[in-house]
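Let me begin by presenting the structure, written as C-alpha coordinates, before commenting on it.
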Amino acid sequence: MGQTITEKIFSEHVGREVYAGEIVRSPIDMVIGNDITTPISIRAFEEGGFKELANPDGFAIVLDHFIPAKDIASANQAKISRDFAMKHDLKHFFDEKDMGIEHALLPEKGLVLPGDVIIGADSHTCTHGGLGAFSTGMGSTDISFGMITGGNWFKIPESIKVVMTGKPSEYVSGKDIILEVIRMLGVDGALYQTLEFTGDTVQYLSMDDRFSICNMAIEAGAKNGIFAYDEITEEFLKKTAELNDGLRAEPKIHYSDEDANYTKVIEIDVANLEPVIAYPFLPDNGHSVSQAVADEIRVDQVFIGSCTNGRLSDFKVAAQIMKGKKVARHVRMILTPGTQKILRDATKAGYIDILVDAGAVVSNPTCGACLGGYMGILGDNEVCISTTNRNFVGRMGSRSSKIYLANSAVAAASAISGYITDPRGL
(Lines give C-alpha, C1' and ligand atoms only; values in the text may rest on other atoms or scores of the structure.)
Protein backbone atom coordinates (compact mmCIF):
# COMPACT_ATOMS: atom_id res chain seq x y z
CA MET A 1 0.00 0.00 0.00
CA GLY A 2 1.27 3.46 -0.89
CA GLN A 3 2.04 6.15 1.66
CA THR A 4 1.14 9.80 2.11
CA ILE A 5 3.79 12.48 2.69
CA THR A 6 3.00 12.45 6.39
CA GLU A 7 3.41 8.67 6.64
CA LYS A 8 6.72 8.88 4.76
CA ILE A 9 8.09 11.59 7.07
CA PHE A 10 7.39 9.43 10.11
CA SER A 11 8.71 6.30 8.39
CA GLU A 12 12.03 8.01 7.82
CA HIS A 13 12.18 9.22 11.40
CA VAL A 14 11.35 5.89 13.07
CA GLY A 15 13.30 3.71 10.64
CA ARG A 16 10.49 1.56 9.28
CA GLU A 17 7.34 1.89 7.20
CA VAL A 18 4.44 3.24 9.26
CA TYR A 19 0.86 3.98 8.36
CA ALA A 20 -2.08 5.99 9.66
CA GLY A 21 -3.39 4.80 13.00
CA GLU A 22 -0.06 3.49 14.31
CA ILE A 23 1.35 4.96 17.51
CA VAL A 24 5.07 5.63 17.28
CA ARG A 25 7.90 7.22 19.24
CA SER A 26 9.62 9.62 16.86
CA PRO A 27 12.66 11.89 17.07
CA ILE A 28 11.85 15.59 16.73
CA ASP A 29 13.83 18.01 14.59
CA MET A 30 12.59 21.25 16.16
CA VAL A 31 10.77 21.99 19.41
CA ILE A 32 9.28 25.49 19.56
CA GLY A 33 8.26 27.48 22.62
CA ASN A 34 6.92 30.99 23.21
CA ASP A 35 6.59 33.40 26.11
CA ILE A 36 3.14 32.14 27.18
CA THR A 37 3.61 28.38 27.05
CA THR A 38 7.34 27.82 27.57
CA PRO A 39 7.39 28.76 31.28
CA ILE A 40 5.12 25.76 31.98
CA SER A 41 7.48 23.49 30.02
CA ILE A 42 10.50 24.93 31.87
CA ARG A 43 8.82 24.34 35.23
CA ALA A 44 8.14 20.67 34.36
CA PHE A 45 11.71 20.28 33.05
CA GLU A 46 13.29 21.72 36.21
CA GLU A 47 10.91 20.08 38.71
CA GLY A 48 11.85 16.76 37.10
CA GLY A 49 15.46 17.43 38.03
CA PHE A 50 16.72 17.58 34.45
CA LYS A 51 19.82 19.63 33.74
CA GLU A 52 20.49 19.26 30.02
CA LEU A 53 18.35 19.55 26.89
CA ALA A 54 18.41 16.44 24.72
CA ASN A 55 18.90 18.54 21.57
CA PRO A 56 19.64 22.18 22.43
CA ASP A 57 20.12 23.18 18.77
CA GLY A 58 16.69 21.71 18.02
CA PHE A 59 14.95 23.91 20.58
CA ALA A 60 13.81 27.44 19.77
CA ILE A 61 12.19 29.95 22.09
CA VAL A 62 10.48 32.91 20.46
CA LEU A 63 9.08 35.64 22.70
CA ASP A 64 6.20 36.94 20.60
CA HIS A 65 2.86 37.15 22.39
CA PHE A 66 3.48 39.99 24.86
CA ILE A 67 6.84 41.41 23.77
CA PRO A 68 7.80 44.11 24.62
CA ALA A 69 6.09 43.27 27.90
CA LYS A 70 2.68 44.88 28.37
CA ASP A 71 2.59 44.57 32.17
CA ILE A 72 4.41 43.07 35.14
CA ALA A 73 2.89 39.60 34.64
CA SER A 74 4.01 39.38 31.02
CA ALA A 75 7.45 40.72 31.93
CA ASN A 76 7.85 37.96 34.51
CA GLN A 77 6.67 35.34 32.02
CA ALA A 78 9.29 36.50 29.54
CA LYS A 79 11.93 36.55 32.29
CA ILE A 80 11.46 32.82 32.93
CA SER A 81 12.18 31.99 29.29
CA ARG A 82 14.98 34.53 29.02
CA ASP A 83 16.74 33.21 32.14
CA PHE A 84 16.42 29.62 30.88
CA ALA A 85 17.82 30.59 27.48
CA MET A 86 20.80 32.31 29.07
CA LYS A 87 21.41 29.43 31.49
CA HIS A 88 21.48 26.89 28.66
CA ASP A 89 23.15 29.23 26.16
CA LEU A 90 20.40 28.58 23.61
CA LYS A 91 21.44 29.20 20.04
CA HIS A 92 17.89 29.84 18.87
CA PHE A 93 16.47 32.39 21.31
CA PHE A 94 14.58 35.37 19.92
CA ASP A 95 13.38 38.40 21.87
CA GLU A 96 13.27 42.15 21.22
CA LYS A 97 16.70 42.13 19.57
CA ASP A 98 15.55 39.97 16.66
CA MET A 99 11.85 39.64 17.12
CA GLY A 100 9.05 38.10 15.17
CA ILE A 101 5.95 35.96 15.40
CA GLU A 102 7.28 32.41 15.76
CA HIS A 103 5.54 30.92 12.72
CA ALA A 104 6.82 33.70 10.48
CA LEU A 105 10.26 34.03 12.05
CA LEU A 106 11.46 30.42 12.08
CA PRO A 107 10.95 29.75 8.35
CA GLU A 108 12.66 33.09 7.66
CA LYS A 109 15.67 31.92 9.72
CA GLY A 110 15.94 28.58 7.90
CA LEU A 111 15.16 26.64 11.10
CA VAL A 112 12.17 24.62 9.82
CA LEU A 113 12.60 22.46 6.74
CA PRO A 114 10.92 19.96 4.44
CA GLY A 115 10.71 16.50 5.99
CA ASP A 116 11.06 17.75 9.56
CA VAL A 117 8.99 16.60 12.51
CA ILE A 118 8.21 19.78 14.45
CA ILE A 119 6.21 20.40 17.61
CA GLY A 120 5.33 23.63 19.35
CA ALA A 121 3.18 24.65 22.29
CA ASP A 122 1.02 26.78 20.02
CA SER A 123 -1.84 25.43 17.94
CA HIS A 124 -0.74 27.27 14.80
CA THR A 125 2.56 25.39 14.67
CA CYS A 126 0.93 23.59 11.73
CA THR A 127 1.99 26.65 9.65
CA HIS A 128 5.32 24.99 8.82
CA GLY A 129 3.59 22.32 6.76
CA GLY A 130 3.73 24.92 4.00
CA LEU A 131 7.37 23.85 3.60
CA GLY A 132 6.60 20.13 3.50
CA ALA A 133 7.22 19.41 7.18
CA PHE A 134 5.05 17.52 9.65
CA SER A 135 4.37 20.27 12.16
CA THR A 136 1.79 20.31 14.92
CA GLY A 137 0.84 21.91 18.21
CA MET A 138 1.11 20.13 21.55
CA GLY A 139 0.61 20.95 25.21
CA SER A 140 3.36 22.45 27.34
CA THR A 141 4.09 19.20 29.20
CA ASP A 142 4.45 17.41 25.84
CA ILE A 143 6.95 20.11 24.90
CA SER A 144 8.83 19.43 28.14
CA PHE A 145 9.01 15.74 27.24
CA GLY A 146 10.46 16.75 23.87
CA MET A 147 13.02 18.97 25.61
CA ILE A 148 14.05 16.10 27.87
CA THR A 149 14.10 13.21 25.39
CA GLY A 150 14.43 14.79 21.93
CA GLY A 151 11.34 12.89 20.80
CA ASN A 152 7.68 12.24 21.52
CA TRP A 153 4.80 9.88 20.92
CA PHE A 154 2.53 10.37 17.93
CA LYS A 155 -0.48 8.66 16.45
CA ILE A 156 0.09 8.79 12.69
CA PRO A 157 -2.87 10.82 11.31
CA GLU A 158 -5.09 9.74 8.46
CA SER A 159 -5.13 12.17 5.53
CA ILE A 160 -7.71 14.18 3.64
CA LYS A 161 -6.67 15.19 0.13
CA VAL A 162 -7.65 18.72 -0.86
CA VAL A 163 -7.58 19.04 -4.65
CA MET A 164 -7.47 22.68 -5.79
CA THR A 165 -8.05 23.50 -9.46
CA GLY A 166 -7.65 26.70 -11.47
CA LYS A 167 -5.75 29.95 -11.12
CA PRO A 168 -6.93 32.27 -8.33
CA SER A 169 -8.51 35.49 -9.59
CA GLU A 170 -7.35 38.93 -8.52
CA TYR A 171 -7.52 39.52 -4.75
CA VAL A 172 -8.13 35.83 -4.02
CA SER A 173 -5.35 34.38 -1.87
CA GLY A 174 -4.42 31.41 0.25
CA LYS A 175 -6.54 32.86 3.06
CA ASP A 176 -9.67 32.50 0.93
CA ILE A 177 -8.81 28.93 -0.02
CA ILE A 178 -8.40 27.80 3.58
CA LEU A 179 -11.54 29.66 4.70
CA GLU A 180 -13.42 27.81 1.96
CA VAL A 181 -11.92 24.47 3.08
CA ILE A 182 -12.98 25.17 6.67
CA ARG A 183 -16.46 26.20 5.48
CA MET A 184 -16.78 22.88 3.64
CA LEU A 185 -15.40 20.68 6.42
CA GLY A 186 -16.54 22.51 9.55
CA VAL A 187 -14.40 23.27 12.58
CA ASP A 188 -14.08 19.57 13.46
CA GLY A 189 -14.34 18.02 10.00
CA ALA A 190 -10.66 17.09 9.85
CA LEU A 191 -10.24 16.12 13.50
CA TYR A 192 -6.78 14.59 14.08
CA GLN A 193 -6.23 14.23 10.33
CA THR A 194 -3.75 15.66 7.85
CA LEU A 195 -4.97 18.16 5.29
CA GLU A 196 -2.79 17.51 2.24
CA PHE A 197 -3.07 20.29 -0.36
CA THR A 198 -2.68 19.28 -4.01
CA GLY A 199 -3.87 20.17 -7.51
CA ASP A 200 -2.85 22.47 -10.34
CA THR A 201 -3.61 25.55 -8.23
CA VAL A 202 -0.47 24.87 -6.17
CA GLN A 203 1.76 26.27 -8.93
CA TYR A 204 0.12 29.68 -8.41
CA LEU A 205 0.48 29.73 -4.62
CA SER A 206 3.42 31.61 -3.11
CA MET A 207 5.05 30.45 0.10
CA ASP A 208 3.09 33.19 1.88
CA ASP A 209 -0.13 31.60 0.58
CA ARG A 210 0.98 28.13 1.63
CA PHE A 211 1.92 29.24 5.12
CA SER A 212 -1.46 30.97 5.45
CA ILE A 213 -3.31 27.84 4.33
CA CYS A 214 -1.43 25.45 6.63
CA ASN A 215 -1.66 27.93 9.52
CA MET A 216 -5.44 27.52 9.64
CA ALA A 217 -5.57 23.74 9.18
CA ILE A 218 -6.11 23.56 12.94
CA GLU A 219 -9.32 25.58 12.52
CA ALA A 220 -10.81 22.52 10.78
CA GLY A 221 -9.55 20.34 13.65
CA ALA A 222 -6.63 18.99 11.61
CA LYS A 223 -3.48 17.62 13.19
CA ASN A 224 -1.40 19.21 10.45
CA GLY A 225 -1.54 20.73 6.98
CA ILE A 226 1.07 19.99 4.32
CA PHE A 227 2.23 20.86 0.80
CA ALA A 228 4.67 18.85 -1.25
CA TYR A 229 8.08 20.30 -2.09
CA ASP A 230 8.25 21.96 -5.52
CA GLU A 231 10.11 24.71 -7.42
CA ILE A 232 8.53 27.43 -5.28
CA THR A 233 9.69 25.69 -2.09
CA GLU A 234 13.14 25.25 -3.59
CA GLU A 235 13.44 28.94 -4.48
CA PHE A 236 12.28 29.99 -1.02
CA LEU A 237 14.88 27.78 0.64
CA LYS A 238 17.61 28.99 -1.69
CA LYS A 239 16.95 32.62 -0.74
CA THR A 240 16.63 31.71 2.93
CA ALA A 241 19.98 29.93 2.86
CA GLU A 242 21.63 32.96 1.26
CA LEU A 243 20.29 35.26 3.98
CA ASN A 244 21.29 32.97 6.85
CA ASP A 245 24.58 31.48 5.65
CA GLY A 246 22.86 28.15 5.16
CA LEU A 247 19.90 26.19 6.52
CA ARG A 248 19.64 24.34 9.83
CA ALA A 249 19.92 21.01 7.98
CA GLU A 250 19.41 19.45 4.57
CA PRO A 251 15.78 19.25 3.41
CA LYS A 252 14.27 15.76 3.32
CA ILE A 253 11.89 15.59 0.38
CA HIS A 254 8.85 13.29 0.22
CA TYR A 255 5.90 12.90 -2.13
CA SER A 256 2.70 10.94 -1.65
CA ASP A 257 2.34 7.75 -3.66
CA GLU A 258 -0.41 7.52 -6.25
CA ASP A 259 -2.01 4.64 -4.33
CA ALA A 260 -1.77 6.35 -0.91
CA ASN A 261 -4.87 6.02 1.22
CA TYR A 262 -7.09 9.04 1.99
CA THR A 263 -10.19 9.11 4.15
CA LYS A 264 -11.72 11.76 1.94
CA VAL A 265 -11.03 13.84 -1.15
CA ILE A 266 -12.49 17.33 -1.41
CA GLU A 267 -12.29 19.51 -4.50
CA ILE A 268 -12.23 23.30 -4.73
CA ASP A 269 -12.73 25.29 -7.92
CA VAL A 270 -10.30 28.06 -7.06
CA ALA A 271 -10.71 29.78 -10.44
CA ASN A 272 -14.29 30.68 -9.52
CA LEU A 273 -13.70 31.37 -5.83
CA GLU A 274 -14.55 34.83 -4.49
CA PRO A 275 -12.84 36.32 -1.46
CA VAL A 276 -14.31 34.54 1.57
CA ILE A 277 -15.39 36.22 4.81
CA ALA A 278 -15.81 34.17 8.00
CA TYR A 279 -18.63 35.73 10.01
CA PRO A 280 -18.71 35.57 13.82
CA PHE A 281 -18.26 33.41 15.79
CA LEU A 282 -16.52 30.50 14.05
CA PRO A 283 -13.97 30.22 11.24
CA ASP A 284 -16.29 27.85 9.36
CA ASN A 285 -19.05 30.48 9.11
CA GLY A 286 -17.86 31.44 5.64
CA HIS A 287 -19.70 33.73 3.20
CA SER A 288 -18.74 35.30 -0.10
CA VAL A 289 -17.55 38.89 -0.08
CA SER A 290 -20.56 39.67 -2.28
CA GLN A 291 -22.84 38.56 0.54
CA ALA A 292 -20.87 40.61 3.06
CA VAL A 293 -21.18 43.71 0.87
CA ALA A 294 -24.92 43.16 0.58
CA ASP A 295 -25.16 42.85 4.36
CA GLU A 296 -23.60 46.35 4.78
CA ILE A 297 -21.37 45.46 7.73
CA ARG A 298 -19.90 48.56 9.36
CA VAL A 299 -16.44 48.13 10.91
CA ASP A 300 -14.67 49.98 13.71
CA GLN A 301 -11.24 48.37 13.37
CA VAL A 302 -9.19 46.85 10.57
CA PHE A 303 -6.31 44.57 11.51
CA ILE A 304 -3.67 43.27 9.09
CA GLY A 305 -1.07 40.98 10.65
CA SER A 306 -0.63 37.79 12.70
CA CYS A 307 1.00 34.45 11.91
CA THR A 308 -1.66 33.99 9.23
CA ASN A 309 -1.32 37.20 7.22
CA GLY A 310 1.49 39.38 8.53
CA ARG A 311 3.83 38.76 5.61
CA LEU A 312 5.30 41.04 2.96
CA SER A 313 2.68 40.14 0.35
CA ASP A 314 -0.06 41.24 2.76
CA PHE A 315 1.37 44.73 3.09
CA LYS A 316 2.05 44.90 -0.64
CA VAL A 317 -1.57 44.26 -1.61
CA ALA A 318 -2.85 46.58 1.13
CA ALA A 319 -0.56 49.38 -0.10
CA GLN A 320 -1.64 48.84 -3.71
CA ILE A 321 -5.27 49.27 -2.70
CA MET A 322 -4.76 52.18 -0.29
CA LYS A 323 -2.28 54.30 -2.23
CA GLY A 324 -3.58 57.87 -2.33
CA LYS A 325 -6.60 56.99 -0.18
CA LYS A 326 -7.50 57.45 3.47
CA VAL A 327 -8.80 55.26 6.27
CA ALA A 328 -12.45 56.13 6.99
CA ARG A 329 -12.83 58.61 9.83
CA HIS A 330 -14.64 56.21 12.17
CA VAL A 331 -12.13 53.37 11.53
CA ARG A 332 -8.75 52.62 13.11
CA MET A 333 -6.34 50.49 11.09
CA ILE A 334 -3.59 48.48 12.79
CA LEU A 335 -0.71 46.79 10.98
CA THR A 336 1.45 44.12 12.63
CA PRO A 337 4.32 42.75 10.53
CA GLY A 338 5.23 39.13 11.23
CA THR A 339 8.94 39.87 11.71
CA GLN A 340 11.38 42.77 11.84
CA LYS A 341 12.67 41.71 8.40
CA ILE A 342 9.16 41.91 6.97
CA LEU A 343 8.78 45.37 8.50
CA ARG A 344 12.10 46.50 7.01
CA ASP A 345 11.35 45.02 3.60
CA ALA A 346 7.88 46.60 3.56
CA THR A 347 9.46 49.94 4.52
CA LYS A 348 12.11 49.72 1.79
CA ALA A 349 9.42 48.89 -0.77
CA GLY A 350 7.42 51.97 0.28
CA TYR A 351 4.42 50.01 1.53
CA ILE A 352 4.62 51.28 5.10
CA ASP A 353 4.77 54.94 4.04
CA ILE A 354 1.69 54.47 1.87
CA LEU A 355 -0.27 52.79 4.64
CA VAL A 356 0.78 55.23 7.36
CA ASP A 357 -0.06 58.14 5.04
CA ALA A 358 -3.49 56.59 4.65
CA GLY A 359 -3.98 56.64 8.43
CA ALA A 360 -2.77 53.24 9.64
CA VAL A 361 -0.60 52.63 12.70
CA VAL A 362 2.23 50.09 12.72
CA SER A 363 3.09 47.94 15.75
CA ASN A 364 6.09 45.75 16.48
CA PRO A 365 5.82 42.05 15.54
CA THR A 366 3.53 40.45 18.12
CA CYS A 367 0.62 38.06 18.57
CA GLY A 368 -0.94 40.58 20.98
CA ALA A 369 -3.98 41.75 19.05
CA CYS A 370 -4.89 38.34 17.65
CA LEU A 371 -5.51 36.77 21.06
CA GLY A 372 -6.96 39.88 22.69
CA GLY A 373 -3.83 40.65 24.68
CA TYR A 374 -2.80 44.13 23.58
CA MET A 375 -2.09 46.30 20.51
CA GLY A 376 -5.66 46.23 19.23
CA ILE A 377 -8.22 45.30 21.89
CA LEU A 378 -11.88 45.60 20.87
CA GLY A 379 -14.36 47.44 23.08
CA ASP A 380 -18.01 46.65 23.71
CA ASN A 381 -20.01 45.96 20.53
CA GLU A 382 -17.12 46.92 18.25
CA VAL A 383 -16.66 45.21 14.90
CA CYS A 384 -13.28 44.26 13.44
CA ILE A 385 -12.36 42.86 10.06
CA SER A 386 -9.18 40.94 10.69
CA THR A 387 -6.63 38.87 8.80
CA THR A 388 -6.11 36.68 11.88
CA ASN A 389 -7.24 33.07 12.24
CA ARG A 390 -9.94 32.99 14.91
CA ASN A 391 -13.16 34.88 15.47
CA PHE A 392 -14.45 33.24 18.65
CA VAL A 393 -16.51 35.15 21.18
CA GLY A 394 -14.21 37.61 22.96
CA ARG A 395 -11.16 36.55 20.97
CA MET A 396 -9.88 40.11 20.44
CA GLY A 397 -11.42 41.81 23.44
CA SER A 398 -14.95 42.43 24.67
CA ARG A 399 -17.30 39.45 24.55
CA SER A 400 -19.86 41.64 22.79
CA SER A 401 -17.42 42.53 19.99
CA LYS A 402 -17.48 40.80 16.59
CA ILE A 403 -14.65 39.64 14.32
CA TYR A 404 -14.93 38.98 10.59
CA LEU A 405 -11.99 37.04 9.13
CA ALA A 406 -10.78 38.03 5.66
CA ASN A 407 -7.75 38.40 3.43
CA SER A 408 -5.57 41.51 3.44
CA ALA A 409 -7.04 42.97 0.25
CA VAL A 410 -10.57 42.88 1.67
CA ALA A 411 -9.29 44.33 4.96
CA ALA A 412 -7.60 47.24 3.17
CA ALA A 413 -10.63 48.00 1.01
CA SER A 414 -12.84 47.93 4.09
CA ALA A 415 -10.57 50.41 5.88
CA ILE A 416 -11.25 52.95 3.13
CA SER A 417 -15.03 52.61 3.04
CA GLY A 418 -15.66 51.78 6.70
CA TYR A 419 -17.76 48.78 5.65
CA ILE A 420 -16.75 45.29 4.53
CA THR A 421 -15.88 45.95 0.91
CA ASP A 422 -14.98 43.92 -2.17
CA PRO A 423 -11.54 45.13 -3.35
CA ARG A 424 -12.44 44.09 -6.88
CA GLY A 425 -14.95 46.92 -6.97
CA LEU A 426 -12.47 49.69 -6.15
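Excluded from the calculations below are hydrogen atoms, water molecules and symmetry mates; all remaining heavy atoms, backbone and side chain alike, are included.
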Are a donor atom and an acceptor atom from the side chains of His103 and Asp64 found within less than 3.5 Å of each other? no
Thr263 and Gln193: side-chain donor and acceptor closer than 3.5 Å? yes
For the residue pair Asp71 and Ser74, confirm or rule out a side-chain donor-acceptor distance under 3.5 Å. yes
Donor-acceptor check, side chain of Asp300 to backbone of Val383, threshold 3.5 angstrom: yes or no? yes
Show every donor-acceptor pair shorter than 3.5 Å between a side-chain atom in residues 161-170 and any protein atom, with sequence neighbours excluded, or say none if there are none.
| unit_1 | atom_1 | unit_2 | atom_2 | d |
| --- | --- | --- | --- | --- |
| Thr165 | OG1 | Ile268 | O | 3.4 |

Answer yes or no: is there an ion pair linking Arg82 with Glu96, defined by an N-O contact shorter than 4.0 Å? yes
Classify the ring geometry between Tyr279 and His287 as parallel (under 30°), tilted (30 to 60°) or perpendicular (over 60°). tilted
salt_bridge(Glu180, Arg183) N-O dist < 4.0 Å: yes
Can we say Asp98 and Lys109 salt-bridge, meaning some charged N sits less than 4.0 Å from an Asp/Glu carboxylate O? yes
Looking only at non-hydrogen atoms, find the nearest pair between Asn224 and Ser135 and report the distance. CB-O, 3.5 Å
Report yes or no: do Ser363 and Thr336 form a side-chain donor-acceptor pair below 3.5 Å? yes
Is there a salt bridge (Lys or Arg N to Asp or Glu O under 4.0 Å) between Arg248 and Asp116? Walk through the geometry before answering. CA-CA 11 Å; Arg248 192 204 80 242; Asp116 279 353; 2.9 Å; yes
Within-4.5 Å side-chain heavy-atom neighbours: Glu274 and Gln291: no
Any side-chain heavy atom of Asp357 sitting closer than 4.5 Å to one from Lys323? no
On a heavy-atom basis, which atom in Ala20 and which in Glu7 lie closest, and how many Å separate them? N-OE2, 2.8 Å
Should Asp208 and Lys175 count as an ion pair when the cut-off is N to O under 4.0 Å? no
Are the side chains of Ile232 and Leu205 in touch, meaning some heavy atoms are under 4.5 Å apart? no
Can you see whether Thr6 engages Thr4 through a side-chain donor-acceptor pair at a distance of less than 3.5 angstrom? no
I want to check something: taking the side chain as every heavy atom from C-beta on, are Pro280 and Arg395 in contact at a cut-off of under 4.5 Å? no
Between Glu17 and Ser11, do the side chains contain an N or O donor and an N or O acceptor separated by less than 3.5 Å? no
Do Met322 and Ile416 have side chains that approach each other closer than 4.5 Å (heavy atoms only, starting at C-beta)? yes
Write down the atom of His124, the atom of Cys307, and the distance for their closest heavy-atom approach. CB-SG, 4.0 Å
What's the shortest heavy-atom distance between Tyr255 and Lys8, and which atoms? O-NZ, 2.7 Å
Looking at Lys155 and Glu22, is there a salt bridge between them, counting it only when a charged N and a carboxylate O are closer than 4.0 Å? no
How about Asn309 and Thr387: does a side-chain donor come under 3.5 Å of a side-chain acceptor? no
Phe227 and Phe197: ring pair (Phe, Tyr, Trp, His ring centres under 6.0 Å), yes or no, with the steps? CA-CA 5 Å; Phe227 280 83; Phe197 298 96; 5.2 Å; yes
Ser81 side chain to Asp35 side chain, donor-acceptor N/O pair below 3.5 angstrom: no
In terms of side-chain heavy atoms, does Asp230 have a donor or acceptor partner in Thr233 at a distance below 3.5 Å? yes
Minimum heavy-atom separation for Gly2 and Tyr19, please, with both atom names. O-CE2, 3.7 Å
Is any side-chain heavy atom of Val302 closer than 4.5 Å to one of Ile334? no
Looking at Glu382 and Arg332, is there a salt bridge between them, counting it only when a charged N and a carboxylate O are closer than 4.0 Å? yes
Going through the distances and angles, do Ile160 and Val265 end up as a side chain to side chain contact (heavy atoms under 4.5 Å, CB included)? CA-CA 6 Å; Ile160 295 173; Val265 177; over 6 Å; no
Exactly one candidate in Ile67, Asn34, Leu111 meets side-chain contact (heavy atoms from CB on, under 4.5 Å) with Phe94; the answer is Leu111
Side chains of Ser206 and Asp209, donor plus acceptor under 3.5 Å: yes
Phe10 and Phe154 aromatic ring geometry - parallel, tilted or perpendicular at 30°/60° bounds: tilted
Check whether the side chains of Arg210 and Thr127 place a donor and an acceptor atom closer than 3.5 Å, and report yes or no. no
For Lys264 against Gly189, the heavy-atom pair lying closest together: NZ-O, 4.4 Å
Taking C-beta and beyond as the side chain, do Thr240 and Pro107 meet within less than 4.5 Å on heavy atoms? no
Is there side-chain contact between Leu312 and Tyr351, with at least one heavy-atom pair below 4.5 Å? yes
